[in-house]
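For reference, the structure discussed in these notes is given below.
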Amino acid sequence: MSEYRLQTPLTDEDVMKLRAGDVVLLSGLIYSARDAAHKKIVEALDRGEAPPFPLEGAAIYYVGPAPAPPGRPIGSAGPTTSYRMDAYAPRLHRLGVKATIGKGRRNEEVKQALKDCKAVYFGATGGAGALLSQRIEKSRVIAFEELGPEAVRAMKVTDFPLLVVNDAFGGELYVKPNLDLGA
Amino acid sequence: MRELDASVVIKAVEAMCIKANTELGDDVRKKFEDGLRLETSAAAREILRQLLENADLAMQTKLPLCQDTGLAVFFVELGEGLRIRGGGLVEAINQGMRQGYEKGYLRKSSCDPLSRKNTGDNSPAVVHLELVPGDGLKIAFMAKGGGSENMSRVTMLAPAQGWEGIKAFVLRRVAEAGPNPCPPVILGLGVGGTFELAPKLAKKALLRRLDDTHPDPKVAAMEAELLEEVNRLGIGPMGMGGLTTCLGVKIAFAPCHIASLPLAVNVQCHSSRHEEVVL
């Protein structure tokens, strides 16, 4: 288990040194998007329009933050469950997205896309929203403001604490439960 | 007949919504500390350490513990001898909730099921109302997050499946859910009743303190047995492996039809946020 400090936008080289279980402290701009925003991004791509942020090297954070109290850039901001974005992730990886940040298992299509596109899935600690918000220095809505907490935000983070859950080599951090679940 | 002003309800509910979302219960904190003493893997320890730090930070900054401040669920026991003056009880609860979510900078997570349009103020609250003898009013509030709620299930078992069938269903559910509902989880079980009563019992069971003991020793033993078996799954904090998969199992029973064995499993994430007030 190694520890790395990485800066966005991420490169192939960044991703290829990571293995499941590694600790990553991520800095730079990351972009928030949940279910509703993903749907809109993909619809925009279908229409041949530009996505709301550059996908090349991007890290997408699956988060719908709480409102920012006065004097703070953002409210509580921990990860949401990632499987709901599985339908969209492979396409975004093919278009250059290098990392997604969330919690919970990904499906086989996403894991394959990580291998094919040299990308990585990071886990942040679910339910640690107050703590994680301290590592977000700036936040600005850049698209789909009408979605409220689900709007796309550009967030400037410093040393955002992550664990590599799925790497680009098929490695996974989540354990298999001690129970035979069949196929 | 006793009368209580709706404004008292509004104020109390507003305060409960904010407190529950920003102050972690001492029973939950104690379980995190117990887990930290038990776990040996670096990942499990780091997650529990972060959760304790998160609770401290939320308390200091008044930021919510989790950005998912939930749908607002209320269990209300209204005395038959009490009348609410100056407005309806359910509206007063909704008003207090809206104010709490606004003033506490809590996330509004309620939306239309198909258009997904946000209602904008976290309304409507989910209110379970029970008429009880007397002239009191007890309101319990729970902030129920979507991630753990999505992992919850209701099933209609065959009576022959009994306790072993119940345990098998619960173990499978927790194993399949894996890291998704933010383990270590708390499990509320509703056993018996009808198709709609079982999940209501399951959710209400989650209002119990983690360190309580069920008054019926037989049920207390079942809760302890299932807790131990769930923890043997090895899922651990956030699914990274470990001994701390579940912080508590709370079971509520109700008589059921001779043909049925309804079972509801309400999965609660580690961020167990609830408060209650007696007015």
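Residue contact with chain A, scored on non-hydrogen atoms closer than 4.5 Å, involves the side chain of Leu51(B) exclusively. With a 4.5 Å cut-off on non-hydrogen atoms, Ala177(B) touches chain A through its backbone but not through its side chain. There is no contact between Arg106(A) and chain B, counting heavy-atom distances below 4.5 Å. Contacts of Glu172(A) with chain B are absent, with no heavy-atom separation under 4.5 Å from either backbone or side chain. With a 4.5 Å cut-off on non-hydrogen atoms, Lys108(B) touches chain A through its backbone and its side chain both. Contact of Ala128(A) with chain B is made through backbone and side chain together, with heavy-atom distances under 4.5 Å. At a 4.5 Å heavy-atom cutoff, the contact between Arg172(B) and chain A is made by backbone and side-chain atoms alike. Of the atoms belonging to Ser82(A), not a single heavy atom falls under 4.5 Å from chain B. Using a 4.5 Å cut-off between heavy atoms, Met59(B) makes no contact with chain A at all. Contact of Glu46(B) with chain A is not made at all, since no heavy-atom distance falls under 4.5 Å. Asp68(B) does not touch chain A: none of its heavy atoms, backbone or side chain, sits under 4.5 Å away.
The choice from Ser76(A), Gly129(A), Gly104(A) that makes the most heavy-atom pairs within less than 4.5 Å of chain B is Ser76(A). Comparing Ala175(B), Ser109(B), Ala55(B), Gly236(B) by how many heavy-atom pairs each has under 4.5 Å with chain A, the most go to Ala175(B). Taking Pro69(A), Gly75(A), Pro149(A) one by one and counting their heavy-atom pairs under 4.5 Å with chain B, the maximum is reached by Pro69(A). Most heavy-atom pairs under 4.5 Å with chain A: of the set Cys66(B), Gly104(B), Ala58(B), Pro179(B), this distinction falls to Pro179(B). Contact count against chain B (heavy-atom pairs under 4.5 Å) is highest for Thr125(A) among Asp35(A), Thr125(A), Leu173(A). Annotation: maximal heavy-atom pairing with chain A below 4.5 Å, among Asn150(B), Leu65(B), Asn118(B), occurs at Leu65(B). Ranked by heavy-atom pairs under 4.5 Å with chain B, the first of Gly21(A), Gly148(A), Pro65(A) is Pro65(A). Options Asn180(B), Thr69(B), Val174(B) differ in how many heavy-atom pairs under 4.5 Å they form with chain A, and the most are formed by Asn180(B). Note on Thr245(B), Leu57(B), Leu233(B): by heavy-atom pairs under 4.5 Å with chain A, the leading option is Leu233(B).
Taking the ring axis of Phe169(A) as reference, the NZ or CZ atom of Arg19(A) stays within 45° of it and closer than 6.0 Å to the ring centre.
Side-chain contact between Val154(B) and Pro199(B) is present, with at least one heavy-atom pair separated by less than 4.5 Å. Counting heavy atoms from C-beta on, the side chains of Leu63(B) and Tyr105(B) never come closer than 4.5 Å. Between Arg91(A) and Glu109(A), the closest side-chain pair of non-hydrogen atoms is not below 4.5 Å.
Between Tyr88(A) and His38(A), the two ring planes are tilted [angle within 30° to 60°].
Arg232(B) approaches Asn178(A) most closely through the heavy-atom pair O-ND2, 2.8 Å.
Classification of Asp159(A) and Arg5(A) as a salt-bridged pair holds, one side-chain N sitting under 4.0 Å from a carboxylate O. Taking a cutoff of 4.0 Å between a charged side-chain nitrogen and a carboxylate oxygen, Asp34(B) and Lys30(B) qualify as a salt bridge. With respect to Lys39(A) and Glu43(A), a salt bridge is recorded, a charged nitrogen being found less than 4.0 Å from a carboxylate O.
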- How far apart are the C-alpha atoms of Glu145(A) and Arg153(A), what are their side-chain angles, what is the distance that settles it, and do they pass the salt bridge (Lys or Arg N to Asp or Glu O under 4.0 Å) test? CA-CA 9 Å; Glu145(A) 187 153 21; Arg153(A) 290 168 170 81; over 6 Å; no

Checking Tyr61(A) against Phe160(A) for the ring-ring contact (aromatic ring centres under 6.0 Å, His included) test, could you report, in this order, the C-alpha distance in whole Å, the side-chain angles of both residues, the deciding distance, and whether it holds? CA-CA 11 Å; Tyr61(A) 186 18; Phe160(A) 201 73; 5.2 Å; yes

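Side-chain atoms of Gln60(B) and Asp56(B) include no donor-acceptor pair closer than 3.5 Å.
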